Amino acid sequence: MSQLLSHPPYGTRNDAVFLAEMNALCRHHLEGCPEYARLWPAWRPAQSVADLPYLHVRVFKHLELKTVKAGIRHERALLSSATTGNQPSRILLDEQSSKLQSASSLAILKEELGEHPRPLLILDEARALRQPGQIMARVAAAMSLRPLASDIHFLLDDAQEPASMNWDKLATLLDHHRELIVYGITWLLWSAWGAAAWPPRVRAALAGKRIHFVHSGGWKKLENAKIGRTQFDSTLLRDLDAASRVVDFYGLVEQVGMVYPLCQYGFRHTPVWGEVIVRDPYTLEPLVGRVGQLQLLNSLAYGAPYHSVLTEDLGYIEPGECPCRRSGRRFELIGRIPNVEVRGCASV
């Protein structure tokens with residue numbers, strides 16, 4: 001188990017411990033995953049985080065990578081959302097990693113939402129949970145909030161149809177609770193909630209409630225509709241208690257449990273058990289203060305080698321301390337590398 005997970009997510013990190021844990025993880029996967037070993041046959045323990053081996057995110061669309069060792073039991077597969085004709089990523093989850101990843105997302109999200117239990121309202125359909133042996137990425141993101149929930153309610157009859165909102169169920173919940181958490185992928189939260197034609201009785205019941213909206217996935221569909229973050233947030237927060245908030249977090253299906261909420265100054269921060277590197281898309285040299293390709297690392301992946309992933313997302317690392325006073329590397333997500341496939345609900 002990662003020593004660093006016992007620390008506050010944005011505390012001061014021992015960089016030598018992180019590098020040692022990542023080197024040990026690399027060795028663990030090289031010994032237990034033949035495909036990974038063939039990709040990095042000459043690897044030796046790294047002297048810096050930037051020298052650690054990584055896999056391009058598209059590898060997980062074409063190979064089912066699995067580390068086989070005593071004590072590792074793979075339980076189910078996590079599938080990314082995929083647009084028509086595109087191959088989804090398939091990530092095998094094991095019991096140990098799942099526990100660590102749940103602890104990771106909980107520690108990070110508690111910083112944003114507090115830890116007192118409230119009903120969790122999910123803009124999805126309940127049958128999304130009933131797929132034996134696998135789970136979709138959007139559902140896994142929603143269920144990362146389960147430890148903060150007193151109870152869970154799915155509000156849509158059809159996840160592909162925002163107009164399928166169960167207004168009667170929502171009205172009953174609003175009548176009985178003052179505080180709620182609402183989760184949806186970004187475009188669905190806007191379509192089914194923000195831009196919806198609310199029945200007057202339900203809109204009246206919403207007034208004065210304290211709601212934390214949590215969303216993930218990209219903005220491509222909303223940008224095409226010319227919906228920006230300011231309009232998005234202000235529409236969701238209209239008529240609510242002043243303590244209500246909108247929390248936008250970024251993450252990869254290939255690194256479940258690692259979530260990067262946007263702070264009030266427009267940056268995302270790595271927890272002490274994770275790291276971000278920005279690489280030049282042409283030379284793959286590490287960059288600071290310049291836009292490049294994001295590489296995300298975490299020390300929580302035991303069942304498969306997704307501990308170091310080169311993404312198709314663009315961003316940059318901002319040097320120095322953030323005014324929000326969180327430690328850890330701060331970075332800004334810019335968008336997608338041009339001319340790559342749109343990644344389903346998570347397209348940016």
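By convention here, the first residue in the shown sequence is residue 1. Since the model is a prediction, treat every value here as computed from it, not as a measurement.
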inquiry  = If the condition is ring-ring contact (aromatic ring centres under 6.0 Å, His included), which residues does His269 pass it with, not counting sequence neighbours?
reply    = none
ask   = From Thr270 OG1 over to Phe18 CZ, what is the distance, rounded to the nearest 0.5 angstrom?
value = 8.0 Å
request  = Working to the nearest 0.5 Å, report the span between CZ of Arg90 and CG of Leu63.
outcome  = 13.0 Å
message = Suppose the criterion is side chain to side chain donor-acceptor pair (under 3.5 Å): which pairs have a residue in residues 163-176, not counting sequence neighbours?
response = none
message = So Leu296 and Asp313, do their side chains get closer than 4.5 Å, heavy atoms only?
response = no
message = Going by ring-ring contact (aromatic ring centres under 6.0 Å, His included), name the pairs with one or both residues in residues 303-325, residues two or more places apart or in two chains.
response = His29-His307, Tyr36-His307
key: Non-neighbouring partners of Asp233 that pass side chain to side chain contact (heavy atoms under 4.5 Å, CB included), sequence neighbours left out   = Arg229, Val246
inquiry  = Just so I know, are the side chains of His28 and Lys69 near enough to count as touching, which here means a heavy-atom distance under 4.5 Å?
reply    = yes
message = So, using side chain to side chain contact (heavy atoms under 4.5 Å, CB included) as the criterion, who are the partners of Val288 when residues are at least two apart?
response = Ile317, Pro319
ask   = So if you build clusters from Ile, Leu, Val, Met, Phe, Trp, Tyr with side-chain heavy-atom gaps below 4.5 Å, do Leu148 and Ile152 land together?
value = yes
Asp248 side, atom CG; Leu333 side, atom CG - distance, nearest 0.5 Å = 8.5 Å
query = When you look at CD of Glu115, are more than 12 heavy atoms from neighbouring residues, nucleotides or ligands closer to it than 6.0 Å?
reply = no
inquiry  = Which Ile, Leu, Val, Met, Phe, Trp or Tyr residues join Tyr54 in one cluster when any pair of side-chain heavy atoms under 4.5 Å counts as a link?
reply    = Leu284, Leu310
inquiry  = As an exercise, state the distance from OH of Tyr183 to CG of Leu121, rounded to the nearest 0.5 Å.
reply    = 14.0 Å
key: Inter- and intrachain pairs under side chain to side chain donor-acceptor pair (under 3.5 Å), touching residues 143-153, at least two apart   = Asp151-His153
task = For residues Glu125 and Phe154, determine if any side-chain heavy atom of one lies less than 4.5 Å from a side-chain heavy atom of the other.
result = no
note = When rounded to the nearest 0.5 Å, the distance separating CE of Met22 from SG of Cys26 is 5.5 Å
inquiry  = Between the side chains of Glu321 and Arg325, is the shortest nitrogen-to-carboxylate-oxygen separation below 4.0 Å, so that they form an ion pair?
reply    = yes
Pair Lys99 + Glu75, salt bridge at N-O below 4.0 Å = no
request  = Examine Phe60 and Leu92 and state if one hydrophobic cluster contains both, with Ile, Leu, Val, Met, Phe, Trp and Tyr joined whenever side-chain heavy atoms are less than 4.5 Å apart.
outcome  = no
ask   = With sequence neighbours left out, which residue pairs that include part of residues 281-296 fulfil the side chain to side chain donor-acceptor pair (under 3.5 Å) condition?
value = Arg279-Gln295, Gln295-Ser308
ask   = Residues two or more places apart in sequence or in another chain: which of them pass side chain to side chain contact (heavy atoms under 4.5 Å, CB included) with Ser191?
value = Pro162, Trp187
query = Short question: side chain of Ser234, backbone of Thr230 - any donor-acceptor pair under 3.5 Å?
reply = yes
Output side-chain donor-acceptor pairs under 3.5 Å for residues 41-51, partner residues at least two apart or in another chain, one line each.
from	atom 1	to	atom 2	distance (Å)
Ser48	OG	Asp51	OD2	3.0

query = Measuring from Arg118:CZ to Leu180:CG, what's the distance to the nearest 0.5 Å?
reply = 9.0 Å
remark   = Residues passing the side chain to side chain contact (heavy atoms under 4.5 Å, CB included) test with Ala225, sequence neighbours excluded, are Ile227
Validation: residues 207-215 side-chain donor-acceptor distances under 3.5 Å, sequence neighbours left out:
from	atom 1	to	atom 2	distance (Å)
Lys209	NZ	Leu174	O	2.8
Lys209	NZ	His177	O	3.4
Arg210	NE	Asp241	OD1	3.2
Arg210	NH2	Asp241	OD1	3.4
His215	ND1	Thr186	OG1	2.9

Sole residue of Glu111, Glu112, Glu179 in salt bridge (charged side-chain N to carboxylate O under 4.0 Å, His left out) with Arg245 = Glu112
